[in-house]
**Student:** 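Sharing a structure with you now.
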Amino acid sequence: MSTRIADVLAGKAPVGSKITIEGWIRTRRDSKAGLSFLAVHDGSCFDPLQVVAPQELANYQADVLRITTGCAVRCTGEVVASQGKGQAVEVRADTVEVVGWVDDPDHYPMQPKRHTPEFLREVAHLRPRTNIIGATTRVRHTLAQAIHRFFHEHGFFWIHTPIITASDAEGAGQMFRVSTLDAANPPRTPDGKVDWDKDFFGKEARLTVSGQLNVETYCLAMSKVYTFGPTFRAENSNTRRHLAEFWMIEPEIAFADLAADAQLAEDFLKYIFRALLDERKDDMAFFEKFVDKDCIARLSKMIETKFARMDYTDAITELQKSKEKFEFPVSWGIDLQSEHEKYLTDKVINGPVAVINYPKDIKAFYMRQNDDGKTVAAMDVLAPGIGEIIGGSQREERLEVLDRRIGEMGLHAQDYWWYRDLRRYGTVPHAGFGLGFERAIIYATGVENIRDVIPFPRAPRQAEF
RNA sequence: GGGAUCGAAGCUGAGCUGGUGCUAGCGGCCGAUUGUUAAUCGGACGGUGGUUGGUUCAAUUCCAACCGAUCCCGCCA
């Protein structure tokens with residue numbers, strides 16, 4: 001039974017105790033005093049553990065002096081107070097067993113030096129052995145756990161909405177097709193079209209772009225629900241903020257309006273980022289030192305600051321009276337561009353802000369129409385330095401209003417029959433929002449490219465590994 | 001989808017406007033040295049310059065196509 005390095009460094013293995021640790025070599029340094037220093041990493045925390053291997057070991061010449069970066073080792077020994085600087089404790093090895101050698105050290109890609117993120121993406125199978133990807137991985141896990149914990153503690157149920165959907169009605173972007181038909185020679189109907197009736201589901205099927213419509217059904221039974229799972233967009237987006245496959249969090253609350261939704265978003269973000277600062281001090285210190293010196297300050301400020309609320313109409317007024325030169329001209333009815341969002345968060349509010357009540361024509365059909373007839377109860381939570389981090393709305397719960405919007409947008413009511421049923425049987429005001437998980441990680445860590453915060457990024461022309 | 005840029009040893013990157021054998025740092029290797037900290041010092045090794053074609057007496061350097069990558073904008077999370 002081996003001991004986690006995180007536990008050793010946290011003092012859970014007292015000085016004098018005998019332990020076994022297992023991990024991978026980061027560096028080896030030899031001393032002519034007759035010993036070698038092995039920096040061993042097992043992923044359990046940011047720091048490696050120093051193992052001191054004396055030349056008296058039976059396999060010192062044969063094995064220890066041949067150890068290179070990346071070798072897998074199992075070491076047993078006594079936890080001792082370190083004689084050197086840089087660590088409180090280390091392990092004085094009784095045995096060092098090389099479990100797996102690196103058979104070509106000259107070409108092993110992971111060197112004890114800084115690598116560019118672009119290069120690391122080309123070795124995605126080995127990059128978790130680096131400081132930055134390891135830290136990102138632990139942050140990702142911690143945030144995921146905090147998200148589930150927040151919802152669980154607040155009485156939400158986690159709903160596993162489907163990945164495959166046959167309702168071509170989600171309308172949030174280009175979708176990937178799911179089919180078992182022979183793409184080169186599909187079955188045809190008499191008029192020459194592809195006969196989807198012969199496909200696996202008997203109709204066209206695609207990968208989901210959002211679990212919202214499905215989760216709403218459970219909301220109107222379980223009251224407080226959320227989804228947390230993979231989401232797919234077949235958009236040809238070539239930016240550092242987009243993925244074709246990403247993870248999304250979508251809570252939905254019943255008997256709730258937009259104000260309750262905005263409050264939920266604020267409480268939620270503060271909870272998960274506070275948990276991150278509490279639980280991953282080592283990794284966040286690394287990000288602050290080497291990736292984004294402002295990341296901890298940014299999170300700390302967000303946690304402490306009351307989010308502003310601002311009406312879309314007021315936001316437009318603020319933008320119009322500013323002296324800033326915007327690439328995209330500002331007028332009531334436009335969607336806010338990145339430059340506009342940045343101005344609002346950085347110059348007008350100097351903090352996070354929930355912009356609410358957008359023009360209905362730039363928002364989705366299911367958002368609840370306001371009494372003014374022009375706007376809907378939609379919100380975007382904007383954060384300094386990143387822009388929109390959360391988008392949400394109160395949903396239209398009135399069947400006749402919903403049907404009118406479906407018609408106005410050229411959609412077909414019959415495609416939404418089960419969604420409309422929710423408005424026929426015990427309808428209730430409800431609201432929810434969506435958070436891109438990877439966007440949240442970027443915001444928290446300052447990592448620039450979204451492809452570096454997901455283990456195996458999927459993007460246009462990128463599906464290696 | 002629109003636009004821009006880049007592609008040299010395992011990695012990072014000098015080499016301005018084309019001229020014999022293409023630099024260097026780091027890594028790996030060898031040696032020295034030290035309770036060392038991505039150590040330090042010395043040495044040797046390591047490159048058909050993304051691919052294909054073109055211009056030229058001559059191309060890493062100019063041009064074209066292709067392949068790969070990055071960034072910005074749009075779409076959005």
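Lettering follows sequence order; numbering is per chain, from 1. The analysis underlying the following values was restricted to heavy atoms, covering all of them including side chains, and did not include hydrogens, waters or symmetry mates.
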**Student:** Shorter than 3.5 Å, N or O on both sides, protein versus nucleotides 6-12 of chain B: list them out with atom names.
**Tutor:**
unit_1: B:G10; atom_1: N2; unit_2: A:Gln111; atom_2: OE1; d: 2.9
unit_1: B:G10; atom_1: N2; unit_2: A:Gln111; atom_2: NE2; d: 3.3
unit_1: B:G10; atom_1: N3; unit_2: A:Gln111; atom_2: NE2; d: 2.8
unit_1: B:C11; atom_1: O2; unit_2: A:Lys113; atom_2: NZ; d: 2.5
unit_1: B:U12; atom_1: OP1; unit_2: A:Thr116; atom_2: OG1; d: 3.1

**Student:** Kindly check if the number of other-residue, nucleotide or ligand heavy atoms within 6.0 Å of CZ (A:Arg177) is above 12?
**Tutor:**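 Result for CZ/A:Arg177: enclosed.
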**Student:** Please report the distance, rounded to the nearest Å, between CZ in A:Arg240 and C1' in B:C76.
**Tutor:**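 The answer, rounded to whole Å, is 15 Å.
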**Student:** If you pin A:Ile389 and A:Arg451 to their nearest nucleotides in RNA chain B, which one's is more 5'?
**Tutor:**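 Final value for this comparison: A:Arg451.
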**Student:** Which residue, A:Arg66 or A:Leu243, contacts RNA chain B at a nucleotide closer to its 5' end, judged by nearest heavy atom?
**Tutor:**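 Nearer the 5' end of the strand: A:Arg66.
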**Student:** Rounded to whole angstrom units, what separation is found between the NE2 atom of A:His340 and the P atom of B:G74?
**Tutor:**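 It works out to 10 Å between those atoms.
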**Student:** How many Å lie between CD on A:Gln337 and P on B:C72, as a whole number?
**Tutor:**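 That distance rounds to 15 Å.
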**Student:** Any N or O donor-acceptor pair under 3.5 Å from the base of B:C76 to the side chain of A:Ser237?
**Tutor:**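 Answer is no: no donor-acceptor pair is held.
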**Student:** Considering residues at least two apart in sequence or located in another chain, which fulfil the ring-ring contact (aromatic ring centres under 6.0 Å, His included) criterion with A:Trp332?
**Tutor:**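 Result, ring-ring contact (aromatic ring centres under 6.0 Å, His included) vs A:Trp332: A:Tyr312.
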**Student:** Using the ring centroid of each side chain, check whether A:Phe246 and A:Phe232 are separated by less than 6.0 Å.
**Tutor:**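 Not under 6.0 Å, so no.
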**Student:** Do A:Glu341 and A:Gln337 have side-chain N/O donor and acceptor atoms under 3.5 Å apart?
**Tutor:**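 Their side chains do not contain a donor-acceptor pair, so the 3.5 Å distance test is not met.
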**Student:** Considering residues at least two apart in sequence or located in another chain, which fulfil the ring-ring contact (aromatic ring centres under 6.0 Å, His included) criterion with A:Phe273?
**Tutor:**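 Checked A:Phe273 against ring-ring contact (aromatic ring centres under 6.0 Å, His included); matches are A:Tyr443.
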**Student:** Got a sec: does the CD of A:Gln320 have more than 12 other heavy atoms crowding it under 6.0 Å?
**Tutor:**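 Result for CD/A:Gln320: enclosed.
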**Student:** Tell me which nucleotide among B:U70, B:A77, B:G28 gets nearest to the side chain of A:Arg121.
**Tutor:**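 Nearest to the side chain of A:Arg121 among the choices is B:U70.
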**Student:** Atom NE2 of A:His242 to atom C1' of B:C73: distance rounded to whole Å?
**Tutor:**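 Answer to the nearest Å: 11 Å.
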**Student:** May I have all residue pairs that pass salt bridge (Lys or Arg N to Asp or Glu O under 4.0 Å) and include part of residues 15-28 of chain A, sequence neighbours excluded?
**Tutor:**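 Listed once each, the pairs are A:Lys18-A:Asp94, A:Glu22-A:Arg74, A:Arg28-A:Asp30.
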**Student:** Parallel, tilted or perpendicular: which fits the ring planes of A:Phe268 and A:Phe150, with parallel below 30° and perpendicular above 60°?
**Tutor:**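 Answer is perpendicular, since the angle exceeds 60°.
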**Student:** Does B:U37 have its OP1 or OP2 closer than 4.0 Å to a side-chain nitrogen or oxygen of A:Gln83?
**Tutor:**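 For B:U37, OP1/OP2 do not have a side-chain N/O of A:Gln83 under 4.0 Å.
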**Student:** Which atom pairs link the protein and nucleotides 39-41 of chain B when you take only N or O atoms and keep those under 3.5 Å?
**Tutor:**
unit_1: B:A39; atom_1: OP2; unit_2: A:Arg29; atom_2: NH1; d: 2.8

**Student:** Whenever both distances are under 3.5 Å in a Watson-Crick or G-U wobble pair, mark it; put RNA chain B into dot-bracket that way, with [ ] for crossing pairs and | when the partner is on another strand.
**Tutor:** (((((((..(((......[....)))..((((.......))))......(((((..]....))))))))))))....
**Student:** State which of B:G27, B:C73, B:U36 makes the closest approach to the side chain of A:Phe328.
**Tutor:**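 Closest nucleotide among those given: B:C73.
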**Student:** From C-beta outward on A:Glu90, which listed nucleotide comes closest to its side chain: B:U33, B:A38, B:U36?
**Tutor:**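 That would be B:U36.
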**Student:** Report the distance from atom CG of A:Asp335 to atom P of B:C73, rounded to the nearest whole Å.
**Tutor:**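 Those two atoms, CG and P, are 15 Å apart.
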**Student:** Output the residues of residues 135-147 of chain A in contact with RNA chain B, where contact means a heavy atom of the residue under 4.0 Å from an atom of the strand; sort by number or write none.
**Tutor:**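 Nothing qualifies; none.
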**Student:** What residues, two or more places apart in sequence or in another chain, satisfy salt bridge (charged side-chain N to carboxylate O under 4.0 Å, His left out) together with A:Arg439?
**Tutor:**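 Not a single residue meets the salt bridge (charged side-chain N to carboxylate O under 4.0 Å, His left out) criterion with A:Arg439.
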**Student:** Taking only residues at least two apart or on different chains, which pairs with a member in residues 262-273 of chain A satisfy salt bridge (Lys or Arg N to Asp or Glu O under 4.0 Å)?
**Tutor:**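 Output for this query lists A:Glu266-A:Lys270, A:Glu266-A:Lys306, A:Glu266-A:Arg309.
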**Student:** B:C76 C1' sits how many Å from A:Tyr443 OH, rounded?
**Tutor:**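 Checked: the OH to C1' distance equals 19 Å.
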**Student:** Tell me whether the side-chain N/O atoms of A:Asn238 come closer than 4.0 Å to OP1 or OP2 in B:A69.
**Tutor:**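 So the side chain of A:Asn238 is outside the cut-off, no N or O lying under 4.0 Å from OP1 or OP2 of B:A69.
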**Student:** On the side chain of A:Arg241, is there an atom forming a donor-acceptor pair with the base of B:C71 - under 3.5 Å, no angle test?
**Tutor:**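 Such a pair does not exist between side chain and base.
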**Student:** Could you please name the option among B:A77, B:A69, B:G35 that lies closest to any side-chain atom of A:Phe246?
**Tutor:**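 Output: B:A77.
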**Student:** Output yes when a side-chain donor or acceptor of A:His107 lies under 3.5 Å from a complementary backbone atom of A:Asp104, and no otherwise.
**Tutor:**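 Judged by distance alone, no pair lies under 3.5 Å.
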**Student:** Less than 3.5 Å apart, which donor and acceptor atoms pair up between the side chains of residues 58-67 of chain A and the rest of the protein, not counting sequence neighbours?
**Tutor:**
unit_1: A:Asn59; atom_1: ND2; unit_2: A:Asp63; atom_2: OD2; d: 3.0
unit_1: A:Asn59; atom_1: ND2; unit_2: A:Val96; atom_2: O; d: 2.8
unit_1: A:Tyr60; atom_1: OH; unit_2: A:Ser36; atom_2: OG; d: 2.7
unit_1: A:Arg66; atom_1: NH1; unit_2: A:Ala62; atom_2: O; d: 3.2

**Student:** Give the nucleotide from the list B:C29, B:C71, B:A38 with an atom nearest to the side chain of A:Thr68.
**Tutor:**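 Side chain of A:Thr68 sits closest to B:C29.
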**Student:** Looking at every strand, decide which applies to A:Ser36 at a 4.0 Å heavy-atom threshold: base, sugar-phosphate, or nothing.
**Tutor:**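 Contact class for A:Ser36: none.
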**Student:** From the set B:U36, B:G74, B:G68, return the single nucleotide nearest to any side-chain atom of A:Arg461.
**Tutor:**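 Between B:U36, B:G74, B:G68, the one nearest the side chain of A:Arg461 would be B:G68.
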**Student:** Regarding A:Thr231 and A:Arg233, is there a side-chain donor-to-acceptor distance under 3.5 Å anywhere?
**Tutor:**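 No, no side-chain donor-acceptor contact under 3.5 Å.
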**Student:** Can you tell me which nucleotide in B:G35, B:C73, B:U37 comes closest to the side chain of A:Gln87?
**Tutor:**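 So the nucleotide nearest the side chain must be B:U37.
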**Student:** Atom CD of A:Glu464 and atom C1' of B:C67: how far apart are they, to the nearest Å?
**Tutor:**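 A:Glu464 atom CD is separated from B:C67 atom C1' by 14 Å.
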**Student:** Distance-only check: which donor-acceptor pairs under 3.5 Å involve side-chain atoms of residues 455-465 of chain A, not counting sequence neighbours?
**Tutor:**
unit_1: A:Arg458; atom_1: NH1; unit_2: A:Glu464; atom_2: O; d: 3.2
unit_1: A:Arg458; atom_1: NH2; unit_2: A:Phe465; atom_2: O; d: 3.1

**Student:** Only counting residues at least two apart or in another chain, list the ones meeting ring-ring contact (aromatic ring centres under 6.0 Å, His included) with A:Phe157.
**Tutor:**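 Scan of A:Phe157 (ring-ring contact (aromatic ring centres under 6.0 Å, His included), adjacent residues dropped) gives none.
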